[in-house]
Asks: 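Okay, handing you the structure first.
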Amino acid sequence: MTSSTFRRDWLTKPIFSWARKVMPEMSDTEREALEAGDVWWDADLFTGTPDWQKLLAYPQARLSAEEEAFLNGPVDELCAMLDDWTITWDLRDLPPQVWDFVKRHKFFGMIIPKEYGGLGFSPYAHSEVVRKISTRSVAAAVTVMVPNSLGPGELLMRFGTAEQRERWLPRLADGREIPCFGLTSPQAGSDAASMVDRGVVCKGVFEGREVLGLRLNWHKRYITLGPVATLLGLAFKAYDPDHLLGPTEELGITVALIPTGLPGVEIGHRHLPSMQVFQNGPNWGRDVFVPLDFIIGGQERIGEGWKMLMTALAAGRGISLPSLSAAAAAYCARTSGAYARIREQFNVAIGKFEGIEEPLARIAGTAYLLDGARRLTCAALNEGHHPAVISGIMKLHATERMRIAIDDAMDIHGGKAVIDGPQNYLSNLYRAVPVGITVEGANILTRNLIVFGQGAIRAHPYLLNEMTALADDNAARGLDAFDKALWGHVGHAVANTFRALGRSWTGGAFAPAPDAGPATPFYRQLSRHAAAFALCADMALLTLGGALKRKEMLSARFGDILSELYLLSAALKRWEDEGRQEADFAALEWCMASGLKTIETRFAEILANLPNRFVAFALRLIVQPFGARAVGPSDGVVHRLAQLILEPSAARERLTPNISHIDDDRGVARLEKAFALVTANDDIVKKMRSARIRDPGEALRNGIITAAEAERLAAARDAVARVVEVDDFAPEVLSSMSARLHDRRDMNFNTRAAS
């Protein structure tokens with residue numbers, strides 16, 4: 001008997017038998033969610049010793065010449081057509097010419113390959129397009145992003161039959177068909193297993209002939225583009241009570257393509273999500289009959305709908321909302337920095353007050369972090385990965401941090417951002433925040449259940465192999481696989497114990513790091529915390545087992561650490577990819593200090609709440625012997641970062657790239673003009689201050705400044721006054737706006753003319 005055989009039969013086998021009995025059952029939806037997508041840099045973080053050279057070697061996400069031309073051509077043209085005030089408060093929709101433009105230029109077909117008439121753009125190009133449009137209009141951005149994210153196009157490309165792709169993709173690409181996707185219903189939001197929408201296998205007549213098909217009944221709501229859609233991707237539970245397909249009666253969640261013009265399809269009135277006017281609404285199906293070949297992928301894909309959806313979502317969640325969120329943070333950084341520079345109180349620009357510097361730095365740091373993470377995630381998607389856990393991290397943290405950035409921007413602008421009107425460039429973005437927080441999986445659910453719950457199984461180097469072995473119907477084969485995985489896991493845990501111990505007690509001073517100049521210590525801290533995370537995660541899984549799934553607050557804290565490790569990795573990658581720009585280092589310092597504080601705080605919370613107190617005590621001695629000591633960014637870092645967006649510079653442009661600036665003499669255009677005039681007058685203002693004179697007229701009379709300089713100061717003063725002013729409305733105008741909304745409330749917005 002070999003040593004490995006002895007180990008398997010005498011050590012592993014009892015553990016294997018016990019674990020098979022106590023391992024909690026996994027639902028089909030949980031299993032399919034776990035199998036969807038793949039892992040990427042998150043798997044490296046779970047090892048406890050990430051390979052930083054591998055991270056830095058990943059190719060940057062870049063645009064092709066064709067994609068760059070599209071961004072600087074049709075995208076800029078589209079942005080020039082968008083007046084957010086008119087769209088939101090007058091039309092309650094995109095103008096007809098905008099609908100025509102986005103279809104004619106194939107904005108709905110960005111991800112569809114060229115052989116099917118689409119643009120065939122990369123995920124990064126898709127992200128850049130959404131990002132730029134988002135800085136002009138949320139409604140337009142959502143309208144463009146949805147067909148290119150989770151929807152019929154993505155599902156057809158990945159799972160559709162050749163015939164389905166040939167039929168539908170060209171029509172989706174050129175806008176002849178407007179797609180939407182129906183997943184959420186009143187009874188089932190995050191819990192798809194509660195779905196009551198049904199499709200019953202039966203025979204029926206379709207287009208004059210009897211075929212085997214599905215009799216569908218459904219009720220969906222919150223469906224973006226639903227009111228104008230001509231093609232509905234529908235998720236439902238399939239049943240075969242007459243066993244027309246085989247012995248199984250409950251076939252599982254299935255996805256089919258439903259033309260909305262079929263008999264029995266009913267399109268409801270519009271929803272109005274937080275006063276955002278992108279098309280959104282409910283729909284119903286009442287005894288709608290379709291052939292089986294309407295199932296995406298054909299009959300053989302019946303029952304595979306949830307896995308298909310999760311696989312598609314693994315890509316879509318990493319692009320659309322993170323792009324909008326990164327755009328919002330950069331937009332807030334640019335506008336808040338400019339406003340804080342030109343707006344004075346007590347004869348001092350408000351950006352010079354430390355109380356304003358703190359939120360300014362938070363906005364700027366958030367913009368730097370989110371765009372770095374967006375680019376890194378797009379780089380993975382460009383390489384063909386579909387990282388499900390990372391996509392969840394991105395959707396959750398991008399939208400949550402967008403909320404903080406917009407709140408800070410509102411605070412800095414004060415009354416300017418509160419009074420609605422065409423001159424207010426923040427309020428509609430502020431109202432849009434809850435939509436991003438809620439859709440594509442509510443953030444509470446994602447944080448508490450998905451990021452660590454899914455990550456611990458998918459990204460862990462051994463756990464999924466152990467679970468697969470335990471579930472194997474062939475006990476002998478399962479035992480062999482479990483033996484290999486188990487002892488690999490044991491070795492992994494022992495190695496991480498010593499790594500975590502050494503790195504924590506030395507403060508990470510000798511932890512692995514690449515030669516990254518002044519950023520090298522940051523890599524060491526992430527290496528230190530990655531080892532601690534891997535060890536603590538293993539101990540939590542060992543002591544709690546399946547019960548960890550119910551310890552949602554613990555799971556959320558582990559998820560926060562994993563998320564910070566990923567986001568901070570992305571910030572370091574960005575700084576390296578951009579050539580280690582010295583001027584940007586304050587942004588990197590702020591990100592790292594803020595993230596490391598969160599990581600240490602979450603470790604302290606985990607150790608304070610881990611049920612097994614002996615294990616918690618031992619872990620504290622190993623991973624946090626001196627407690628949580630990180631205190632966040634220093635005042636000096638906050639000051640330097642705030643200054644980055646208060647003055648014109650290349651660093652400010654890097655921090656706020658590709659924001660659409662349209663010279664329409666409103667809102668942001670006025671702000672940009674005033675900012676340019678005020679900052680160009682710095683030398684003049686300094687001369688007056690040296691002479692202790694505030695009034696330009698007095699300075700001119702005393703020869704301190706020239707007549708031309710006085711004119712420049714007057715022009716800047718007038719420009720600032722135009723920025724600071726807010727809109728007011730005659731009572732009859734407000735009454736008219738209210739009446740238009742009331743008149744439309746009872747209308748069915750199934751406006752086929754728009755599609």
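Keep in mind that this is a model prediction, so the values were computed, not measured. Numbers here simply count residues along the sequence, with the first being 1.
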Asks: Pick out which of Met157, Glu115, Gln164 makes a side chain to side chain contact (heavy atoms under 4.5 Å, CB included) with Leu169.
Replies: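 Only one option passes, and that is Met157.
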
Asks: Roughly how far, to the nearest 0.5 Å, is CG of Leu426 from CZ of Arg431?
Replies: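 Between Arg431 CZ and Leu426 CG, I get 11.0 Å after rounding to 0.5 Å.
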
Asks: Do the side-chain N and O atoms of Ser391 and Arg317 include a donor-acceptor pair separated by under 3.5 angstrom?
Replies: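 Side chains of Ser391 and Arg317: no pair found under 3.5 Å.
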
Asks: Indicate yes or no: at least one non-hydrogen side-chain atom of Tyr222 is less than 4.5 angstrom from one of Val439.
Replies: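 Side chain of Tyr222 against side chain of Val439, heavy atoms only: no contact under 4.5 Å found.
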
Asks: If the plane angle is over 60° it's perpendicular, under 30° parallel, otherwise tilted; pick one for Trp40 and His385.
Replies: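 Aromatic pair Trp40/His385 classed tilted.
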
Asks: Measuring from atom OH of Tyr116 to atom CG of Leu156, what distance do you get when rounded to the nearest 0.5 angstrom?
Replies: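 Reported value, rounded in 0.5 Å steps: 9.5 Å.
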
Asks: What is the minimum heavy-atom distance between Tyr58 and Lys573, and which atoms define it?
Replies: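 Taking every non-hydrogen atom into account, O-NZ, 2.6 Å.
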
Asks: Distance from Leu370 atom CG to Met394 atom CE, nearest 0.5 Å?
Replies: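 Rounded to the nearest 0.5 Å, the CG-CE separation comes to 6.5 Å.
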
Asks: Could you check whether the rings of Trp52 and Trp41 sit parallel, tilted or perpendicular, using 30° and 60° as the cut-offs?
Replies: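 Tilted.
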
Asks: When you check the gap from the basic side-chain N to the acidic O, do Arg401 and Glu564 get nearer than 4.0 Å?
Replies: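 Result for this pair is yes, salt bridge flagged.
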
Asks: Test salt bridge (Lys or Arg N to Asp or Glu O under 4.0 Å) on Arg654 and Asp584 and set out the steps.
Replies: CA-CA 9 Å; Arg654 283 192 297 272; Asp584 301 356; 2.8 Å; yes

Asks: Let me confirm one number: the CZ-CD1 distance from Phe159 to Ile296, rounded to the nearest 0.5 Å.
Replies: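 Rounded to the nearest 0.5 Å, the CZ-CD1 separation comes out at 9.5 Å.
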
Asks: Is Arg574 reaching over with its side chain to a backbone N or O of Tyr368, donor-acceptor style, under 3.5 angstrom?
Replies: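 Yes; judged by distance alone, with no hydrogens or angles, the pair exists.
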
Asks: Using 0.5 Å steps for rounding, measure from the CD1 atom of Ile393 to the CZ atom of Arg447.
Replies: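 Answer rounded to 0.5 Å: 12.5 Å.
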
Asks: So does Arg375 pair up with Glu578, basic N to acidic O under 4.0 Å?
Replies: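 Glu578 and Arg375: salt-bridged.
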
Asks: Begin from the C-alpha positions of Val265 and Trp218 and carry the test side-chain contact (heavy atoms from CB on, under 4.5 Å) through to its verdict.
Replies: CA-CA 9 Å; Val265 177; Trp218 75 84; 3.9 Å; yes

Asks: Out of curiosity, Ile319 CD1 to Met110 CE, how far, rounded to the nearest 0.5 Å?
Replies: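 It is 9.0 Å, given to the nearest 0.5 Å.
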
Asks: So, using side chain to side chain donor-acceptor pair (under 3.5 Å) as the criterion, who are the partners of Asp42 when residues are at least two apart?
Replies: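 With sequence neighbours excluded, Asp42 shows a side chain to side chain donor-acceptor pair (under 3.5 Å) to no residue whatsoever.
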
Asks: Just by distance, do the side chain of Lys395 and the backbone of Gly436 share a donor-acceptor pair under 3.5 Å?
Replies: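 Side chain of Lys395 to backbone of Gly436: a pair is present.
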
Asks: So Ile258 and Leu231, do their side chains get closer than 4.5 Å, heavy atoms only?
Replies: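 Heavy-atom side-chain distance check fails, nothing below 4.5 Å.
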
Asks: Taking the six-membered ring for Trp, are the ring centroids of Phe206 and Phe294 within less than 6.0 Å of each other?
Replies: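 Yes.
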
Asks: Compare every heavy atom of Arg374 with every heavy atom of Pro322, then report the nearest pair and how far apart it is.
Replies: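 Pro322 and Arg374 have their closest heavy atoms at O-CD, 4.3 Å.
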
Asks: Sequence neighbours excluded, which residues qualify as ring-ring contact (aromatic ring centres under 6.0 Å, His included) partners of Phe181?
Replies: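 ring-ring contact (aromatic ring centres under 6.0 Å, His included) list for Phe181, sorted by chain: empty.
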
Asks: If you count the non-hydrogen atoms of other residues, nucleotides and ligands that lie under 6.0 Å from CD in Gln97, is the total more than 12?
Replies: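 Result for CD/Gln97: enclosed.
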
Asks: Salt-bridge test for Arg62 and Glu68: reply yes if a basic N is under 4.0 Å from a carboxylate O, no otherwise.
Replies: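 The answer is no: the pair does not qualify as a salt bridge.
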
Asks: Taking only Lys NZ, Arg NE, NH1 and NH2, and the carboxylate oxygens of Asp or Glu, determine whether Arg458 and Asp38 approach each other closer than 4.0 Å.
Replies: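 Asp38 and Arg458: not salt-bridged.
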
Asks: Measure across Leu369 and Ala571 and return the closest heavy-atom pair with its distance rounded to 0.1 Å.
Replies: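 Result for this residue pair: CD1-CB, 3.9 Å.
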
Asks: Examine the side chains of Thr399 and Asn443 and answer whether a donor and an acceptor come within less than 3.5 Å of each other.
Replies: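 Their side chains do contain a donor-acceptor pair, which is all the 3.5 Å distance test asks for.
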
Asks: Check each of Ser149, Ser134, Ser127 against Ser320 using the side chain to side chain contact (heavy atoms under 4.5 Å, CB included) test, and report the only one that passes.
Replies: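 In the set Ser149, Ser134, Ser127, the residue that makes a side chain to side chain contact (heavy atoms under 4.5 Å, CB included) with Ser320 is Ser149.
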
Asks: Grab the two heavy atoms, one from Gly233 and one from Leu257, that are nearest each other, plus how far apart they are.
Replies: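 Between these two residues, the closest heavy atoms are CA-CD2, 4.4 Å.
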
Asks: Look at the rings of Phe107 and Phe101 and say which category their plane angle falls in: under 30° parallel, 30 to 60° tilted, over 60° perpendicular.
Replies: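 If you compare the ring of Phe107 with that of Phe101, the planes turn out tilted.
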
Asks: Just by distance, with hydrogens left out, do His386 and Arg158 show a side-chain donor and acceptor under 3.5 Å apart?
Replies: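 Yes, because at least one side-chain N or O of His386 sits under 3.5 Å from a partner of the opposite role on Arg158.
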
Asks: Salt bridge check, Asp44 against Lys54: does any charged N sit closer than 4.0 Å to a carboxylate O?
Replies: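 A salt bridge links Lys54 with Asp44.
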
Asks: I'd like to check the ring-ring contact (aromatic ring centres under 6.0 Å, His included) partners of Trp168; sequence neighbours left out, ordered by chain and number.
Replies: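 With sequence neighbours excluded, Trp168 shows a ring-ring contact (aromatic ring centres under 6.0 Å, His included) to no residue whatsoever.
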
Asks: Please check this pair: side chain of Thr135 against backbone of Lys132, looking for a donor-acceptor N/O pair closer than 3.5 Å.
Replies: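 Yes, because the side chain of Thr135 sits within donor-acceptor range (under 3.5 Å) of the backbone of Lys132.
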
Asks: Just checking, is any N or O donor in the side chain of Asp93 or Trp99 under 3.5 Å from an acceptor N or O on the other one?
Replies: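 Yes, side-chain donor-acceptor contact under 3.5 Å.
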
Asks: Between Leu212 and Phe289, which heavy-atom pair has the shortest distance, and what is it?
Replies: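 Leu212 and Phe289 have their closest heavy atoms at C-CZ, 4.4 Å.
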
Asks: If you look at every heavy atom in Leu562 and Val389, which pair is closest and at what distance?
Replies: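 Nearest pair, atom of Leu562 first, then Val389: CD2-CG1, 4.2 Å.
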
Asks: Without swapping roles, check the side chain of Asn148 against the backbone of Val144 for a donor-acceptor pair under 3.5 Å.
Replies: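 Yes, the answer is positive, given that a donor and an acceptor are paired below the 3.5 Å cut-off.
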
Asks: Check the side chains of Arg167 and Thr161 for a donor-acceptor pair under 3.5 angstrom, ignoring hydrogens and angles.
Replies: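 Checked: Thr161/Arg167 side chains show no N/O donor-acceptor pair below 3.5 Å.
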
Asks: Between Glu67 and Ser122, is there a side-chain donor-acceptor contact under 3.5 Å, judged purely by atom types and distance?
Replies: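 There is such a pair (donor and acceptor under 3.5 Å, judged by atom type) between the side chains of Ser122 and Glu67.
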
